[in-house]
Peer 1: 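What follows is a structure written as structure tokens; I'll ask about it next.
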There are 2 protein chains.
Amino acid sequence: MENYGIDEIDYRILHYIIEDSRLSHKEIGEKIHMTGQAVGARIRKLRELEIIEGYTVRWNPQKLGQNIHALITVFLSSNKAHPLFQKFALEHGSVAELHRVSGEGCYWMRVYVKDHEELASFLDQLLEFGNYRVSLGMGQLK
Amino acid sequence: MENYGIDEIDYRILHYIIEDSRLSHKEIGEKIHMTGQAVGARIRKLRELEIIEGYTVRWNPQKLGQNIHALITVFLSSNKAHPLFQKFALEHGSVAELHRVSGEGCYWMRVYVKDHEELASFLDQLLEFGNYRVSLGMGQLK
DNA sequence: CGAAATCCTTTCCGGGTGAAAGCAGAAATG
DNA sequence: CATTTCTGCTTTCACCCGGAAAGGATTTCG
């Protein structure tokens, strides 16, 4: 819970740029009654503390033909399977996110593919390493 | 698979800005042998097509004291529970992501909390609506 | 009280962004 | 084949943003 020197103002700034990282410092400053430069200094601090890890975009897989959004929990069948599975998942372009987990399963991952066929093929490959449980995303609410 | 007018160059640009949305158009242009303005026009097109939905940052929940990253599948006990559950999840600050799913469960969500106590309290509230399965994130690999 | 630290504002400069105009190559048409 | 049209890139330009530096207000501590 090392809270570094983060205060309420930093939180508010962080929320604003999570929402839209292209807000100018000046615009954010107007919301919180500061100059843009002061906001810039705080954002720089958030970067240096690595609370902000990087800048990216929200993009729409469906509009690129990735119509299937699968949330997959993986149960490896043997301890030896880990390195191979990791290599597989890291290198596979359909895997958008991968976590080691405890609780249900060994890994959890997010996969985007374009159709059922591609999903089936992916799951076939996955069977090499162990078992899985799949949920298909039907719409993001938040 | 409505591919709009997206070509290989657009894909490359998109990958670059998913990686780092603060790359200047000029820098991207150097990688793909174009001027910054041409890159800017393509990015504008990606925004207008809503392939790029918005700009945001990658941030580190742990450094803000949100030490627990829970991946939760929710099984609602009754059809009547949906509206209330949705309201609960949408309004609860710990819920970072929420999807309707088919397959395992009714909903899938990502939750950040600071400790086990907070998680337990959250799960208690969740029990009002139905059942759940929890996995705890132990490290992101991708 | 005086010094140091912190954090803000003011000022200024380099550079990025987006608009507009112009140009080149490809495709369509007579 | 010549002409027109369209598309997408480059050039130019004006504006604004972001970061650095310097200065000022407030708090902390000996």
Side-chain angles (χ1 to χ4, degrees), chain A residues 1-67 93 96 114, chain B residues 1-67 93 96 114:
Chain A
M1 172 58 159
E2 325 99 43
N3 205 330
Y4 304 101
I6 305 304
D7 63 16
E8 192 52 41
I9 296 176
D10 293 314
Y11 275 109
R12 293 188 60 192
I13 293 175
L14 182 58
H15 285 307
Y16 284 127
I17 64 176
I18 287 175
E19 195 65 32
D20 180 4
S21 67
R22 292 208 313 176
L23 285 173
S24 74
H25 298 170
K26 190 179 163 192
E27 285 173 298
I28 296 172
E30 285 162 5
K31 295 174 192 287
I32 61 174
H33 311 295
M34 268 190 188
T35 60
Q37 287 78 351
V39 173
R42 281 170 180 269
I43 291 179
R44 211 172 308 129
K45 182 182 69 180
L46 291 172
R47 276 204 301 269
E48 282 161 7
L49 293 173
E50 288 176 316
I51 288 170
I52 293 175
E53 297 179 331
Y55 289 73
T56 186
V57 295
R58 280 187 290 268
W59 57 286
N60 187 327
Q62 287 198 24
K63 300 213 174 184
L64 289 174
Q66 304 295 293
N67 293 300
K114 78 169 196 297
Chain B
M1 175 57 158
E2 326 102 42
N3 205 332
Y4 304 99
I6 305 307
D7 63 14
E8 192 51 42
I9 296 176
D10 294 314
Y11 275 107
R12 293 188 60 193
I13 292 176
L14 183 57
H15 284 307
Y16 285 127
I17 63 176
I18 288 173
E19 194 65 32
D20 180 4
S21 67
R22 291 207 316 174
L23 286 172
S24 74
H25 299 171
K26 189 177 165 192
E27 284 173 299
I28 296 173
E30 284 162 6
K31 295 174 192 289
I32 61 175
H33 311 295
M34 269 190 189
T35 59
Q37 288 77 351
V39 173
R42 281 170 179 270
I43 291 179
R44 213 169 306 129
K45 182 182 69 179
L46 292 172
R47 276 204 300 269
E48 281 159 8
L49 292 174
E50 288 177 314
I51 289 170
I52 294 176
E53 298 179 330
Y55 291 72
T56 185
V57 293
R58 280 189 289 269
W59 57 285
N60 187 325
Q62 286 198 25
K63 299 212 173 183
L64 289 174
Q66 304 295 294
N67 293 301
K114 76 170 200 293

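Reminder, nothing fancy here: chain letters follow the sequence lines and each chain counts from 1.
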Peer 1: Earliest and latest nucleotide of DNA chain C, 5' to 3', sitting under 4.0 Å from a non-hydrogen atom of chain A?
Peer 2: dC8(C) to dG18(C)

Peer 1: According to side chain to side chain contact (heavy atoms under 4.5 Å, CB included), who are the partners of Glu30(B), at least two apart in sequence or on a separate chain?
Peer 2: Lys26(B)

Peer 1: Side chain to side chain contact (heavy atoms under 4.5 Å, CB included) with Glu50(B): which residues, sequence neighbours excluded?
Peer 2: Lys63(A)

Peer 1: Can you pull the salt bridge (charged side-chain N to carboxylate O under 4.0 Å, His left out) pairs that have at least one residue in residues 36-46 of chain B, sequence neighbours excluded?
Peer 2: Asp7(B)-Arg42(B), Asp10(B)-Arg42(B), Asp10(B)-Lys45(B)

Peer 1: Can you tell me how far CD1 of Ile51(B) sits from OH of Tyr11(B), rounded to the nearest 0.5 angstrom?
Peer 2: 7.5 Å

Peer 1: Taking atom CG of Leu23(A) and atom CD1 of Ile13(A), what is their separation to the nearest 0.5 Å?
Peer 2: 11.0 Å

Peer 1: Taking only residues two or more places apart in sequence or in another chain, which ones pass side chain to side chain contact (heavy atoms under 4.5 Å, CB included) with Glu19(A)?
Peer 2: none

Peer 1: Each nucleotide in nucleotides 7-17 of chain D should get exactly one letter: B, S or -. Can you fill that in based on protein heavy atoms under 4.0 Å?
Peer 2: --SBBB-----

Peer 1: How many angstroms lie between atom CD1 of Ile52(A) and atom OG1 of Thr56(B), to the nearest 0.5 angstrom?
Peer 2: 9.5 Å

